Amino acid sequence: MILNQTAVYALRAAAALAALPPGMSIRAQELAERTHVPVHYLSKVMRRLVLAGLVTSRKGHGGGFALSRPPKQVTFAELLAATDAAPEPGKCAYGWGSCDPDDPCPLHPTWSSLQEMVGAWSTSCTLDDVDADALPP
């Protein structure tokens, strides 16, 4: 798996929130059912997204979770950063500290390429790119 479980769950939850009509929110239990994420795990993921300012949370009647900004303004990079899954530029995959192209580790060429691709994907894709029609109701 390229991303850790928390990042995948954050992407699922954010995709479901992006599919909601503007001004609507969804309760944790329903969001867990739609995304097939255990509700206890989802609560931890949503807390991270709220703390990052990507999601709002309201308690009580009519409460629930909603995106804090329009879907086209929320990048996948922000979601990955909120879950500590963003690529770490300059980190050596082989454990040699910082990346040094002048003294590369055995994984340097392929690792650098992967980091660039994930970085480009995550910064160019937004929640507006989600196929809302493919999401469960």
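Remember, predicted model here, so these are calculated numbers, not experimental data.
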(request) Would you name the heavy atoms of Pro106 and Pro109 that are closest together and state the gap between them? (result) O-CD, 4.1 Å
(request) Output the distance between atom CG (Leu127) and atom CZ (Phe76), rounded to the nearest 0.5 Å. (result) 5.5 Å
(message) Please enumerate all residues that pass side-chain contact (heavy atoms from CB on, under 4.5 Å) together with Ala52, with sequence neighbours excluded.
(response) Leu54, Ala82
(request) Identify, with sequence neighbours excluded, every residue that meets side-chain hydrogen bond (donor to acceptor under 3.5 Å, both in side chains) alongside Gln29. (result) Glu33
(request) Can you sort out the partners of Tyr9 under ring-ring contact (aromatic ring centres under 6.0 Å, His included), two or more places apart, ordered by chain and number? (result) Tyr41
(request) Would you list the pairs meeting side chain to side chain donor-acceptor pair (under 3.5 Å) in which at least one residue belongs to residues 49-68, sequence neighbours left out? (result) none
(message) The criterion is side-chain contact (heavy atoms from CB on, under 4.5 Å); which residues satisfy it with Ala19, sequence neighbours excluded?
(response) Ala132, Leu135
(request) Any chance you could measure Leu107, atom CG, to Thr110, atom OG1, to the nearest 0.5 Å? (result) 5.0 Å
(request) Heavy atoms only: give me the nearest Leu31-Ala13 pair and the separation to one decimal. (result) CD1-O, 4.0 Å
(request) Report the residues that fulfil side-chain contact (heavy atoms from CB on, under 4.5 Å) with Pro101, sequence neighbours left out, ordered by chain and then residue number. (result) His108
(message) How long is the straight-line distance from CG of Leu67 back to CG of Leu17, given to the nearest 0.5 Å?
(response) 5.0 Å
(message) The criterion is salt bridge (charged side-chain N to carboxylate O under 4.0 Å, His left out); which residues satisfy it with Arg69, sequence neighbours excluded?
(response) Glu78
(message) Just to verify, what does Met24 make a side-chain contact (heavy atoms from CB on, under 4.5 Å) with, not counting sequence neighbours?
(response) Leu20, Pro21
(message) Per the salt bridge (charged side-chain N to carboxylate O under 4.0 Å, His left out) rule, what does the pair list look like for residues 97-107, sequence neighbours excluded?
(response) none
(request) State the CZ-CD distance between Phe65 and Glu30, to the nearest 0.5 angstrom. (result) 12.5 Å
(message) I'd like to know if the side chain of Ser122 and the backbone of Val118 have a donor-acceptor N/O pair within less than 3.5 Å.
(response) yes
(request) Enumerate the residue pairs fulfilling salt bridge (charged side-chain N to carboxylate O under 4.0 Å, His left out) with a member in residues 12-24, sequence neighbours excluded, ordered by first and then second residue. (result) none
(message) Quick check for you: to the nearest 0.5 Å, what is the distance between Thr35 atom OG1 and Leu11 atom CG?
(response) 11.5 Å
(request) Flag yes if Met117 and Leu80 sit in one hydrophobic cluster, no otherwise; membership is Ile, Leu, Val, Met, Phe, Trp, Tyr, and two members link when side-chain heavy atoms are under 4.5 Å apart. (result) no
(request) Write down the atom of Leu3, the atom of Ala85, and the distance for their closest heavy-atom approach. (result) CD2-O, 4.5 Å
(request) Determine whether Thr123 and Thr75 make a side-chain contact, defined as any pair of heavy atoms from C-beta on separated by less than 4.5 Å. (result) no
Name the atoms and distances for all side-chain donor-acceptor pairs under 3.5 Å in residues 89-99, with sequence neighbours left out.
none

(message) Less than 4.5 Å apart, side chain to side chain, heavy atoms only: is that true for Thr83 and Thr6?
(response) yes
(message) To the nearest 0.5 Å, what is the distance between CG on Leu79 and SG on Cys125?
(response) 11.0 Å
(request) Only counting residues at least two apart or in another chain, list the ones meeting salt bridge (charged side-chain N to carboxylate O under 4.0 Å, His left out) with Asp84. (result) Arg48
